[in-house]
Protein chains: 2
Amino acid sequence: MTRRKIVIRRIENMGKRQATFCKRRSGLLKKAQELAILCDVQVAVIVFSSTGRLYEYASSTTTTTTTSMAMASILQKYRSAQEQQQLLNPVSQLMINGDAGYWFQLSVLNGSTKGAACYPPRQRMTSTMEL
Amino acid sequence: MTRRKIVIRRIENMGKRQATFCKRRSGLLKKAQELAILCDVQVAVIVFSSTGRLYEYASSTTTTTTTSMAMASILQKYRSAQEQQQLLNPVSQLMINGDAGYWFQLSVLNGSTKGAACYPPRQRMTSTMEL
DNA sequence: AGCCCTATCTATAAGCT
DNA sequence: TAGCTTATAGATAGGGC
């Protein structure tokens, strides 16, 4: 982007990587806010540094007074959207929404269809789990 | 940014707003991916258009093979981080993590402190709810 | 670890299809 | 409504504190 063009791959030098992280992280959050304001849409961004530190942005509405509330609202909507998608095309993904409270399992095994849906989930399903 | 400088406020013209949304949305998702790769960090972006259409990006790991899984992983981590924050400073927020399975209610009413925590949640709490 | 500087690269507003 | 073009605004790599 600037004094020299760079290739998009992991920056090996730790100091440079940290410096770039600082700059680009702030740039990303700014862009997210601009998008939300300019286009009047809901935007959520979550970033975890390699040390586990959290940076976030969530566009707010009249009913969301804090970042956490705004984020919660968007994540709620995201979960709903994922459910819709799952219902429309149940076999497209073995697992969705690993962190949500809703679970749908639909799979074809040995020529017979087995299905299960429960809320709240009793057990997390993974792609390697035997059904 | 270009032929003319613009102010960051809602674009009133619907056609222009849609066009800008299309461009900036793709720009944001690209920047998110670049940040994740360059700096080797976890990044999640969720965007909902005004019509409710979902656009997303989630940096993947060796254990996340789909976008949904990658997103789930990051949202899981986000929820954990929010819990940590809440435990460190319980009164800082009335509600956190509205879409998660953990709930903490701590509030001061009429001079007396009332607290409650339950999992899984029996009822969603809002900022206007009587405790 | 975070700023400043600034040359350079990238994103994108307008306009047109 | 999604692309294409181009001039210009914005982001940022490298370098120095």
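Residues in residues 40-49 of chain B take part in these salt bridge (Lys or Arg N to Asp or Glu O under 4.0 Å) pairs, two or more places apart or across chains: Arg10(A)-Asp40(B).
Linking Ile, Leu, Val, Met, Phe, Trp and Tyr whenever their side-chain heavy atoms come within less than 4.5 Å puts Ile6(B) and Ile11(B) in one cluster. No chain of hydrophobic side-chain contacts below 4.5 Å, direct or via other Ile, Leu, Val, Met, Phe, Trp or Tyr residues, connects Val47(A) to Ile46(B). Taking hydrophobic clusters as Ile, Leu, Val, Met, Phe, Trp and Tyr residues chained together by side-chain heavy-atom distances below 4.5 Å, Phe48(B) shares a cluster with Met71(A).
Atom CD in Glu34(B) sits roughly 19 Å away from atom P in dG10(D) (whole-Å rounding). Summarising the geometry, the separation between CZ on Phe21(A) and C1' on dA13(D) is reported as 17 Å, rounded to the nearest angstrom. In this structure, Leu35(A) atom CG and dG10(D) atom C1' are separated by 16 Å, rounded to whole Å. Straight-line distance from the CD atom of Glu12(B) to the C1' atom of dA13(C): 17 Å, rounded to whole Å. Between Leu38(B) atom CG and dC9(C) atom C1' the separation is 14 Å, expressed in whole Å. Ile6(B) places its CD1 atom 20 Å from the P atom of dA7(D), with the value rounded to the nearest Å. Remark: C1' of dA11(C) and CD1 of Ile8(A) are 13 Å apart, rounded to the nearest angstrom. The CD atom of Gln18(B) sits 13 Å away from the C1' atom of dG3(D) (whole-angstrom rounding).
Not one side-chain nitrogen or oxygen of Lys5(B) sits closer than 4.0 Å to the OP1 or OP2 atom of dT12(C). Residue Arg24(A) has a polar side-chain atom (N or O) positioned under 4.0 Å from OP1 or OP2 of dA13(D). OP1 and OP2 of dA13(D) both lie 4.0 Å or more from every side-chain N or O belonging to Lys16(A). Side-chain nitrogen and oxygen atoms of Thr20(A) include at least one within less than 4.0 Å of the OP1 or OP2 phosphate oxygen of dA13(D). Within the 4.0 Å cut-off from OP1 or OP2 of dA11(D), at least one side-chain nitrogen or oxygen of Lys30(A) is found.
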Name the pairs: protein N/O against N/O of nucleotides 3-5 of chain C, kept only if under 3.5 Å.
none

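In this structure, CG in Leu28(B) is found 9.5 Å from CG in Leu29(A), a value given to the nearest 0.5 Å.
Formation of a donor-acceptor pair under 3.5 Å by the Ser60(B) side chain with backbone atoms of Ala70(B) is not found in this model. Remark: side-chain polar atoms of Arg17(B) are not paired, donor with acceptor, to backbone N or O of Leu38(A) under 3.5 angstrom.
Of all nucleotides listed (dG14(D), dA14(C), dT12(C)), dT12(C) comes nearest to the side chain of Lys31(A).
A donor-acceptor contact under 3.5 Å is formed by the side chain of Thr2(B) with the base of dA7(D).
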